[in-house]
Amino acid sequence: MSNFKSLFLNIMLERGFYNQCTNDEGFDAYLYECEKSGKPAVGYLGSDPTGDSLHVGHIVPLMMMRWFQKCGHKPLTLVGGATARIGDPSGKDKLRPFLDEETLQHNIKGLKKSFSKFLKFGDGASDAQMVDNWDWFKDINYLSFLRDIGTYYSVNRMLTMDSVKTRLEREQPMSFLEFNYMLLQGYDFCQLYNTYGCRAQIAGSDQWGNITSGTELGRRKYDVELFGFTSPIITDSNGKKMGKSEGNAVWINEEKLSSYDYYQYFRNIGDAEVGKCLRIYTDLPMDEVRRLEALKDKEINEAKKILAFEATKICRGEAEALAAQNTAVQTFEQGEAGGNLPTIDVPSIEGLPVIDAFLQLGFVASKGEARRLIKQAGLKLNDAPIVDENYKLSAADIVNGQVKLSQGKKKHGLIKQAS
RNA sequence: GGAGGGGUGGCAGAGCGGUCAAAUGCAACGGACUGUAAAUCCGUCGACUUCGGUCUACGAAAGUUCAAAUCUUUCCCCCUCCA
């Protein structure tokens, strides 16, 4: 399995994206053929429009698609407009909520934005294209679906699928609606094959069951071999899925998370994860990755900075990445207030209680929390711990036209007086 | 349709008339140590507070009681088994 011919699979293997494939050799041969002839292979990545932005947890398949495109192939991004109305049982115990039309449209728009940060959309041969399975499901007729698709599925087999089996074993409810999800997703795959000649699906390993549902349907109904390819689930050092920072998701879209926070997320990756993350979250050549991950102790911080910069660059652009980096350097290495920190403008700084200032910055959820943190020496004003919880800001606290507030060691923000 | 079981804080899960803002675990947050790491240790973890307290909370509503997460009634939702 280490001797792939295709560029794409070699990259996947080398960078740690390879987890499982429905048919290594077949997929490799197919891709190789496409790469050699210059005719792009078509592959797709599905996602549910349950939110209006993707987050770091979704990046792994996104990056796979990015490489797929770089290898000259054509990525399709499928949003499950139809399947969102059902809910995917994979790895979940609870039924997902249904969405109304307006939210759905809003979410789809947001997803498109997330996708376009990693993939190039357009009309070219290898340009990415967005598709919605609502287009082919909205007019489908239940009886004909049962007849045309349902006949190819064995319930016996479906019951052995992980997503179903675990639900049954744990005696958790699973509705018939959800049970049908894999048929729908299998049908998606075949539809994309029929209309776009798409023969590959790329996803996280939790989608394996849904992928094989599609490849099997393809084989039985259309007599074509479709390929499925999955990534491992990337976890942080605590074995948890990537993508949460301070309990909040690390969003791809900038209106949900500042570039500075995005940068900081990668800056704060654990030592053990640096190599893995460089491979997965950046485009850096492997030589560079190997050099960086060999760094030890304090030096590994250099690798983390590069990781954070590169990862931010892909998602937010070079200018934003630079700004985030500068802010971080100023804030952490020079102890100054970096320009890109979260900032709020207030009508008048004079007399504003510090507690309220923290509340407005969103660093604390309540005044009580702010008081507690002050008791614990967790809140700082211009880098000096606040001792009096009733302290009110005054003109003397204004440095360079702003007041720097910090929560803990990592969260910093600025208050400016609106002019 | 019948018979049982259950709905508690971000999650899991105790409590089953007062001592309950509710054990414990996880997650989260602050501090110490470091390298904006990990591990460890200490502390915090409903809201408001003039730090005395006050208010809102244990699916929803009504009731019993000096007193209810705990008892009663109705309603809503979920699960299991039978048909």
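Below, chain A is the first sequence line, B the second, and so on; all start at residue 1.
Atom P of B/U34 sits at a distance of 23 Å from the matching atom of B/A28, rounded to the whole Å. To the nearest whole angstrom, the two C1' atoms, one in B/C58 and one in B/G9, are 8 Å apart. Nucleotides B/G53 and B/U19 place their P atoms 16 Å apart, quoted to the nearest Å. Comparing the P positions of B/G17 and B/G2 gives a spacing of 31 Å, expressed to the nearest Å. The separation of B/A69 from B/G46, taken at their C1' atoms, amounts to 15 Å, rounded to a whole angstrom. Only the C1' atoms considered, B/A3 is 48 Å distant from B/C48, to the nearest whole Å. To the nearest whole angstrom, the two C1' atoms, one in B/G13 and one in B/G7, are 13 Å apart. Taking the P atoms as reference points, B/A27 lies 28 Å from B/A21, given to the whole Å.
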How is the base pairing of RNA chain B summarised as a dot-bracket string, given the Watson-Crick and G-U wobble criteria with both distances under 3.5 Å, [ ] for crossing and | for another strand? ((((((((.[[[..)..(.....]]].(((((.......))))).(((....)))...[[[[[..)....]]]]]))))))).

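Spacing between atom CD1 of A/Ile374 and atom P of B/U44 amounts to 17 Å, rounded to whole angstrom units. The CG-P distance, from A/Leu373 to B/A28, rounds to 16 Å in whole Å. Between the C1' atom of B/A38 and the NZ atom of A/Lys296 lies a distance of 14 Å, rounded to the nearest Å. At whole-Å resolution of the value, CG in A/Leu295 and C1' in B/A37 are 14 Å apart. A straight line from CG of A/Asn268 to P of B/A28 spans 13 Å, rounded to a whole angstrom. Atom pair A/Phe332:CZ and B/U34:C1' shows a separation of 15 Å (rounding to whole Å applied). If you measure from atom NZ of A/Lys298 to atom C1' of B/A38, you get 16 Å, rounded to the nearest angstrom.
For A/Asp383 and A/Lys404, the salt-bridge test passes: some basic side-chain N is under 4.0 Å from an acidic carboxylate O. Taking 4.0 Å as the cut-off between side-chain N and carboxylate O, A/Glu302 and A/Arg291 do not count as a salt-bridged pair.
If you look at A/Phe266 and A/Tyr262, their ring centroids are closer than 6.0 Å.
For the ring pair (Phe, Tyr, Trp, His ring centres under 6.0 Å) criterion with A/Phe229, the lone passing option out of A/Tyr18, A/Tyr44, A/Phe4 is A/Tyr18. Partner of A/Asp283 under the salt bridge (Lys or Arg N to Asp or Glu O under 4.0 Å) criterion, out of A/Arg66, A/Lys313, A/Arg15: A/Arg66 alone.
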If the sugar-phosphate is the primed atoms plus P, OP1 and OP2 and the base is the rest, what is the B/S/- string for nucleotides 45-53 of chain B, using protein heavy atoms under 4.0 Å? S-SSBSB--

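The aromatic rings of A/Tyr187 and A/Phe145 stand perpendicular to each other, their planes meeting at an angle above 60°, with 30° marking the opposite boundary.
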Take A/Tyr152 and A/Leu183 through the test side chain to side chain contact (heavy atoms under 4.5 Å, CB included) and record every step on the way to the result. CA-CA 9 Å; A/Tyr152 294 100; A/Leu183 302 219; over 6 Å; no

Run the numbers on A/Asp28 and A/Ser6 for side chain to side chain donor-acceptor pair (under 3.5 Å), then give the verdict. CA-CA 6 Å; A/Asp28 187 43; A/Ser6 66; 2.7 Å; yes

Take A/Val250 and A/Leu257 through the test side chain to side chain contact (heavy atoms under 4.5 Å, CB included) and record every step on the way to the result. CA-CA 7 Å; A/Val250 180; A/Leu257 187 80; 3.6 Å; yes

Worked verdict on A/Leu352 versus A/Gln360 for side chain to side chain contact (heavy atoms under 4.5 Å, CB included): CA-CA 11 Å; A/Leu352 179 71; A/Gln360 285 184 45; 4.1 Å; yes

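Side-chain N/O atoms of A/Gln264 include none lying less than 4.0 angstrom from OP1 or OP2 on B/U36.
Using a 90° window around 0 for the glycosidic torsion, B/G52 falls inside it and is classed as syn.
Position along RNA chain B of the nearest nucleotide to A/Asp297 versus A/Gly408 favours A/Gly408 as the more 5'-ward residue. In this structure, A/Asp271 and A/Leu379 both approach RNA chain B, and ranking their closest nucleotides by distance from the 5' end singles out A/Leu379.
A donor N or O paired with an acceptor N or O is found under 3.5 Å between the base of B/U34 and the side-chain atoms of A/Lys409. For a distance-only test at 3.5 Å, the side chain of A/Gln376 fails to qualify as a donor-acceptor partner of the base of B/G31.
Side-chain contact between A/Phe309 and A/Leu322: present, with at least one pair of heavy atoms (C-beta onward) separated by less than 4.5 Å.
At least one donor-acceptor pair closer than 3.5 Å links the side chain of A/Asp132 to the backbone N or O of A/Trp134.
Contact between A/Leu284 and A/Val289 at its shortest, heavy atoms only, is O-CG2, 3.8 Å.
Heavy-atom distances under 4.0 Å link RNA chain B to A/Ile300, A/Asn301, A/Lys304, A/Ala328 of residues 299-328 of chain A, given in residue order.
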